[in-house]
Amino acid sequence: MQLAKIPGKYKYYFLRNYPRRCQHLGMFHLVDIVVVLTIALVIQTSEALCVPKAGGPRNGKSQIVDISVKNLAIVRSARLDDLSSRLTVVTGETGAGKSLVTSAIGLACGDAASIDKSRQHDPDGVFEDSVVTMTAKLHGDALTAVSKKLKLLNLDSAIPTLESTNALTVTRTIKRVGKGGNKIRSACTINDCSANLKDLKVVVAPLVARIDANAAATVLSRPESRLGAIDRGVDGGIMREARSSYRRYRVARSKRMKIERDLASSLPPSFKGMSMENDGDATTLRHWVEELDVFQEKWSLFRDNVVADIGANQDGGGDSDETSPPTSSPSLTTLSLPQCAAELSKVTWEGGDGGWEAMLSLKDALVAHDQSYQAASEALMTLSSKSTLESAASLVEKTRDLLYDTASDTGSTVYDETEKAHDLLNEVEAMVQRCAEQIENRILSKLEATRPYVTVEELDELLVDWKSLARKHGISPEQVCSCHSGLRSELDGAVENREKLPRATMEESKALLKYQEGCKQLTEDRKRVAEMLREKVTDLLPSLGMEAEFIVDVRRKMGIEFGLEVKGGGLWGGKAEGDSVGIDVVDFLLLNNKATEAGKVEETASSGERARILLAIETCLPGSIGVGGSAAVSLNDLDGAGEGGAEEDCGDDMEWVGKEAPISVLYDEIDSHVGGRAAVAVAKLLSNQGKSGSQIISITHNAAIASMADRHIVVEKKGDENDEINVRVSSVLGSEREDEIARMAGGEMVSEEDSIAFSRALIKEGKEFREQTATL
C-alpha cells in the first residue's frame, strides 16, 4: 500500500512507528496497517475521553488549534491543523511564504488588510474573496475573560458555542470592492456572530502575542509595557486591592469634583468675593433676587400670552396650511409661529435656560410672518389697485381704451378681430379679479388670523432686558435662569451641595488614604518581583550570547506625590496610564561587563538582543510579553472610561480587560543573528516556555530551534500544472523532518550523509531534552 494513500490523520502514526527504510519504500504490509490503525484509534479514543464535557471542569491548556487560509496573496489554500500545545516551528526557504502564518494570525486579530493580500485569478481582474479562519480552545482565565468581553460587546450569540465546546472560531473575509478593486472591505464573525474589526482587537488580539525584533523594541520602550511585565509577577491579592482602592478613590474624587462644579455653576461671577455674613452683600443679593423675580413674572406673562394667542388662532382658523409641530426639534431658524408656540409651551423658568433660543426663533418667525403679510399686500396692490398706474387692473383698462381707438369703424375688417380681443381682455380682467380675491380672502385673511397680538418691538424689549441682566451678572443669557435659582438658594440658605461637600471631601480623603496604603504594598511587591527578575534574567543572558547584567529599576514617578494633581493624563489627571495603577515606573537596564554605567535596554541593546531579552523575561514571568498587546484595544477605549465612568459601570468585569496572559506567542525569526550555543539556549527556552506557559509558534531558520519542536511545519513554494505559483503547508515527521533540518543546518555545503547524521543528532538531543523537562 502506498504511503500517499493513507489518510492524513493516520499518517502521523505510520511515520512515527516505522523505520526510515520503510518510509523510503513507501510500502506497507496490510497487517502493519491494521495494527497501526488500531493503535491510532485507541489513542484517539483515549484523547476524546479526556475532553471536558459541556458544563464540566474547564481545565486544560488554552491554545490555537487550527488556522486556515484561502486566496491570501499567493496562497490558494492552506491549513495548519496539527499545532502543538507546546512548541511548533515553521520553517522553509527564504521567500517560501512563512509570513503566511504571521499574516493570517494578524488578520484574525484585527490587523489592517492591504490590497496586495488579495489573489487575482484571471487577467480580466476578477478577484476572489480572501478568507482567514482561526480556531482556539480556551480554558481557565482565558475562557472567563473572553466570555466577559463578548458579553460587554453585546456579542451574546457567540457565547453558547464557547461555553459548550470551549472553542472560539474567528473568520474574516476580505473583499475587493470599488472601481478596479482598488478598495477592500472586511466581514468578520466570532463563533458565527457578526462582529467588526474593533471586536477582533478587543477579543482576539490579547490572546496572541506576536514578537519580532521590531515588536520587542516597541514593548521594551513603552513604560506601561515594562510596568505591566513586572505586574505579571505581583501577588494577585495585592494587585486586586490596589485596583479596587484606585477605583473607589476615582469615584470619590469624581463625586467631590462634581459637587464643586455644581456649586461654582449655580452662582454667577458677580457673587464672587461676596458673603451673606456681610450686611451690604446681603442687601445687594436681595435686590438682585427681587429684580430677577420681576423679570421672571414679565417673561412668564409674555410667554403665556403668546402661547395662548397662537393656540387660539390655530383652533379657530379652520383648515390651516400650517404644519404641525415637529416631534423632534428642527433648526430653530426654520420654526413657524405654531411651532414656536409649541416649543415655548415646553419651557419653564425653573427648568433651564428659560427658552432663550425659543424666544429668538419666535422673533425670527414674527419677522418672517410680517414680511409675508407685507409681500401679499403688495401683490394685491400690484394686481388689482386702479389707483396704481402700473397695476394689472390699470393696464387692462389702458389696453381696452387703446383697442377702442384701433377699430372705430364698425364696417372695417379689423372690427371683428378687435371684438374678439375685447372678449379675451374681459377674461383677463375676470382672472385678475379672481386672483385678487384669492390673495385678499385666503392669504391675507389667514396671515391676519394667525398673527399673535404681540409686536416685534415688545419682544425686542424683553430680549434687551434679558441681555442686560446677563451682562450685569457676567453670564450668558442662557444662564440667567440658573443664576436666579442659585442666588435665591444662597439667599434662603438652602444650598444642599454645601452640606454634601464636607462629607464628599472626607470620603475622598479616606479613599485616598486606602489607596496610598495599597500603592505602598504594590511598590514593595513590585520591587520583590524586580529583584527576582534581575537575578533570573542575568543568569540566562550568558547562554543567550550576552555577557551583561540585567537591572530592573522600580522608582516613583517624577513629580508625583499623594494629593498633588498632575495634569496631562497622569496618575491624578483623570485617567490612569495604560492598565496599570500605583505610583511607580519601571526601567530595564543593561550593564555590559566592559561598561561603567548601565544603559536602558531599548537604547543600548541591538534588535536581536532586545528580542532575546524579551524571551528571557517571558521565560521568567510567563504572560509578561502579552501586556504590550500587538493590536489589542482596551474596553476602556470603547467605553470612554473617565471620571466615574467605566470603573463604576463595569465593576469587576474591567479586571479582565487586557489583564489575561496570551494563550499563544508567535516568535517571528527571534533567532536572527544567533548561532552556536546561544541558538541552543534559545531553543531550550522556547521549549520550556511552551511547556509551562503559553503555546509557542516560532518561525525560524535555525536548525537547533527546529529540532526542539513538538511539531514541525514546512512551508514550500510550488508550481502547479498551470505554472501558477502556490504555497504548500505540511507537517513533517520522520525522514521528511530529518531532511528539512539537514537543509537548514548545512544546505549543500556538506554531503547528504553528514547533514542527515547531524540532523538526527539534533532531533535526538531535542527529544531527550523534552523528555527530561517533562518529568520536572
Side chain to side chain donor-acceptor pair (under 3.5 Å) against [X], all qualifying residues, sequence neighbours excluded:
{"X": "Thr700", "answer": "Asp671"}
{"X": "Ser664", "answer": "Gln695"}
{"X": "Thr135", "answer": "Thr169"}
{"X": "Thr523", "answer": "Asp584"}

Under 3.5 Å: donor-acceptor pair, side chain of [X], backbone of [Y]:
{"X": "Lys149", "Y": "Val204", "value": "no"}
{"X": "Lys536", "Y": "Cys620", "value": "no"}
{"X": "Thr165", "Y": "Leu162", "value": "no"}
{"X": "Ser103", "Y": "Ser99", "value": "yes"}
{"X": "Arg240", "Y": "Asp235", "value": "no"}
{"X": "Asp231", "Y": "Val234", "value": "no"}
{"X": "Ser759", "Y": "Ile741", "value": "no"}
{"X": "Asn191", "Y": "Thr161", "value": "no"}
{"X": "Ser62", "Y": "His139", "value": "yes"}
{"X": "Arg770", "Y": "Met708", "value": "yes"}

First locate atom [atom1] of [X], then atom [atom2] of [Y], and finally report the distance between them rounded to the nearest 0.5 Å.
{"X": "Ile697", "Y": "Arg210", "atom1": "CD1", "atom2": "CZ", "answer": "11.5 Å"}
{"X": "Leu72", "Y": "Arg172", "atom1": "CG", "atom2": "CZ", "answer": "10.5 Å"}
{"X": "Leu107", "Y": "Ser186", "atom1": "CG", "atom2": "OG", "answer": "7.5 Å"}
{"X": "Ser147", "Y": "Leu138", "atom1": "OG", "atom2": "CG", "answer": "8.0 Å"}
{"X": "Lys148", "Y": "Leu143", "atom1": "NZ", "atom2": "CG", "answer": "11.5 Å"}
{"X": "Thr88", "Y": "Leu686", "atom1": "OG1", "atom2": "CG", "answer": "11.5 Å"}

Return yes if a side-chain donor-acceptor contact under 3.5 Å exists between His712 and Thr91, otherwise no.
yes
Holding to side chain to side chain contact (heavy atoms under 4.5 Å, CB included), I want the full list of residues that pass it with [X], two or more places apart in sequence or in another chain.
{"X": "Glu609", "answer": "Met546, Ala605, Ser606, Arg612"}
{"X": "Phe758", "answer": "Ala745, Leu762"}
{"X": "Thr102", "answer": "Leu666, Asp668, Ile699"}
{"X": "Ser85", "answer": "Lys61, Gln63"}

Are the side chains of [X] and [Y] in touch, meaning some heavy atoms are under 4.5 Å apart?
{"X": "Ile713", "Y": "Val732", "answer": "no"}
{"X": "Val131", "Y": "Asn71", "answer": "no"}
{"X": "Glu738", "Y": "Arg760", "answer": "yes"}
{"X": "His701", "Y": "Thr94", "answer": "yes"}
{"X": "Met532", "Y": "Arg528", "answer": "no"}
{"X": "Leu621", "Y": "Val529", "answer": "yes"}
{"X": "Arg232", "Y": "Met239", "answer": "no"}
{"X": "Glu669", "Y": "Lys98", "answer": "yes"}

Considering all heavy atoms of both residues, which atom of [X] and which atom of [Y] are nearest to each other, and what is their separation?
{"X": "Ile705", "Y": "Leu87", "answer": "O-CD2, 4.4 Å"}
{"X": "Glu736", "Y": "Ser731", "answer": "OE1-O, 4.3 Å"}
{"X": "Asp587", "Y": "Arg226", "answer": "OD1-NH2, 3.0 Å"}
{"X": "Leu207", "Y": "Leu168", "answer": "CD1-CD2, 3.8 Å"}
{"X": "Val586", "Y": "Ile230", "answer": "CG1-CG1, 3.9 Å"}
{"X": "Ser694", "Y": "Ile663", "answer": "CB-O, 3.5 Å"}

Holding to salt bridge (Lys or Arg N to Asp or Glu O under 4.0 Å), I want the full list of residues that pass it with [X], two or more places apart in sequence or in another chain.
{"X": "Glu93", "answer": "Arg743"}
{"X": "Glu524", "answer": "none"}
{"X": "Asp66", "answer": "Arg79"}

Passes salt bridge (Lys or Arg N to Asp or Glu O under 4.0 Å), Glu602 versus Arg610? Steps please.
CA-CA 7 Å; Glu602 64 270 23; Arg610 287 194 293 264; over 6 Å; no
For residues 537-544, which side-chain N or O atoms pair as donor and acceptor with protein atoms under 3.5 Å away, sequence neighbours left out?
residue, atom, partner, partner atom, Å
Thr538, OG1, Arg534, O, 2.6
Thr538, OG1, Phe550, N, 3.0
Thr538, OG1, Phe550, O, 3.3
Ser543, OG, Leu540, O, 2.6

Have a look at Met134 and tell me which of Val69, Ile105, Leu80 forms a side chain to side chain contact (heavy atoms under 4.5 Å, CB included) with it.
Ile105
Given the rule in the side-chain contact (heavy atoms from CB on, under 4.5 Å) test, do Phe769 and Lys764 qualify, once you have shown the distances and angles that lead to the verdict?
CA-CA 9 Å; Phe769 178 79; Lys764 180 181 178 182; over 6 Å; no
Could you check Ile190 against Leu200 for side-chain contact (heavy atoms from CB on, under 4.5 Å), going step by step and ending with a plain yes or no?
CA-CA 8 Å; Ile190 298 178; Leu200 300 188; 3.9 Å; yes
Assess the residue pair Glu716 and Val714 against the criterion (side-chain contact (heavy atoms from CB on, under 4.5 Å)); give the C-alpha distance rounded to whole Å, side-chain angles, the decisive distance to 0.1 Å, and a yes or no.
CA-CA 6 Å; Glu716 300 174 284; Val714 176; 3.7 Å; yes
Chi angles and distances behind the side-chain contact (heavy atoms from CB on, under 4.5 Å) call for Thr171, Val132
CA-CA 6 Å; Thr171 301; Val132 174; over 6 Å; no
